[in-house]
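Since the model is a prediction, treat every value here as computed from it, not as a measurement. Counting convention: from 1, in listed order, for ligands and their atoms alike.
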Amino acid sequence: MNAQEMYEKMKARLDKVVPDVELRIKAELAAQIVDLKKEKNAVILGHNYMEPALFYSIPDFTGDSLDLSRKAAQTDKDVIVFCGVRFMAETAKILNPSKTVLLPSEKAGCSLAASITAADVRALKARFPGVPVVTYVNTYADVKAESDICCTSSNAAAVVESLHAETVIFLPDEYLARNVARETGKHIIFPANGTTNFADTGLDYQLIGWHGRCEVHEKFTLGDIQAVRAQFPDVVILSHPECSPEVVAASDFSGSTNAMIRYVQQTKAAHFLVLTECAMGDNIAAANPEKDMLRLCMVRCPHMNTITLEDTLKALQLNRYVIEIPEDIRRRARTAVERMIAIG
Ligand code: SF4
């Protein structure tokens with residue numbers, strides 16, 4: 001595909017979202033990436049939080065973490081370029097180790113993944129022996145390796161319930177854990193460091209959480225929702241379950257990124273506000289030009305935003321940044337991830 005054809009394809013989708021002058025520059029980059037992708041026998045996976053010009057040009061597949069994990073596991077291409085953050089690229093490597101997995105930016109981390117280490121998980125397991133460990137997929141491979149099963153925001157409650165356990169350790173997102181506790185009717189505790197014997201405390205708990213937070217979703221407040229509803233009384237508000245329980249309770253719908261996309265597509269309303277990474281609001285607006293999408297873009301994910309078309313081109317040209325995971329960690333992490341995928 002030449003640059004003009006790419007420009008026309010992107011223009012058809014992004015006319016009202018990306019200024020024309022930017023679209024022409026990005027179309028040229030995207031056309032080079034698509035050519036190189038063929039030459040290197042690569043597949044490009046694009047997370048829902050990618051900026052619109054990238055999201056609607058180069059990926060072979062787009063979606064949330066769970067969708068993209070499945071695509072990574074199934075691909076027969078030699079190279080997987082992951083336009084997302086490091087823990088997602090690691091999940092691709094965990095599931096398909098014979099492939100070269102590239103992450104276009106070294107800076108694409110995640111505040112949730114950085115909030116917990118494998119040593120933290122081992123310490124919790126020592127304090128709560130025999131209690132199964134669920135970790136959110138937004139964690140690094142060595143943390144997944146210490147877990148019994150992973151989950152995503154779309155299947156977190158189902159994964160907890162699938163264990164049929166009296167007590168479950170659920171890591172590391174505090175707000176997702178609180179929202180799952182509410183949904184499943186479980187009491188949750190957040191043990192402080194140093195407390196050793198919980199059996200004697202008399203506390204009634206079925207979920208044991210951790211104080212990790214997504215630095216994007218934690219910023220949305222009840223005040224934001226009230227202010228938007230005062231200005232747009234007929235707005236339908238959707239929130240991600242990494243938002244606080246107060247924000248989730250005050251929203252009209254809460255769900256994973258894919259669930260929010262489906263909800264907007266299937267619902268009629270004068271305005272929608274999606275409380276998640278701002279780029280996803282742009283991507284939904286581009287796919288649904290007849291819907292009025294409001295955006296609160298004062299918070300952006302600094303990690304997702306490091307993935308650009310320029311860096312993706314460099315990743316393919318220079319074969320960088322290659323994801324490597326020690327084999328013993330990869331194998332143990334794979335078991336936890338495959339259990340999650342089996343639940344759907
Ligand atoms: S949006 Fe939040 S959970 Fe997602 S990568 Fe950014 S910091 Fe991590």
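Among protein heavy atoms, the minimum distance from atom 3 (S) of ligand 1 is reached at Asn138 ND2, 3.3 Å. The closest protein non-hydrogen atom to atom 8 (Fe) of ligand 1 is Cys110 SG, 2.4 Å. Counting only heavy atoms of the protein, atom 4 (Fe) of ligand 1 lies nearest to Tyr49 CE1, 4.1 Å. Nearest protein neighbour of atom 2 (Fe) of ligand 1, counting heavy atoms only, is Cys214 SG, 2.3 Å. Shortest contact from atom 6 (Fe) of ligand 1 to any protein heavy atom: Cys301 SG, 2.4 Å.
Two rings, from His211 and Phe190, have their centers less than 6.0 Å apart. For Tyr140 and Phe87, the ring centers sit 6.0 Å or farther from each other. Proximity of the aromatic rings of Tyr205 and His187 is defined here by a centroid distance below 6.0 angstrom, and this criterion is not met.
Contact atoms of ligand 1 toward Ser111: 7 (S) (distance under 4.0 Å to a heavy atom of the residue). The atoms of ligand 1 that sit less than 4.0 Å from any heavy atom of Glu242 are 3 (S).
Under a 4.0 Å N-O distance rule, the pair Lys9/Glu5 does not qualify as a salt bridge. Under 4.0 Å is where a charged nitrogen must lie from a carboxylate oxygen, and between Lys26 and Glu51 at least one such pair does. Salt-bridge check for Lys77 with Asp60: failed, with every basic side-chain N at 4.0 Å or more from each acidic carboxylate O.
Residue His217 does not count as close to atom 2 (Fe) of ligand 1, with no N, O or S atom under 2.8 Å.
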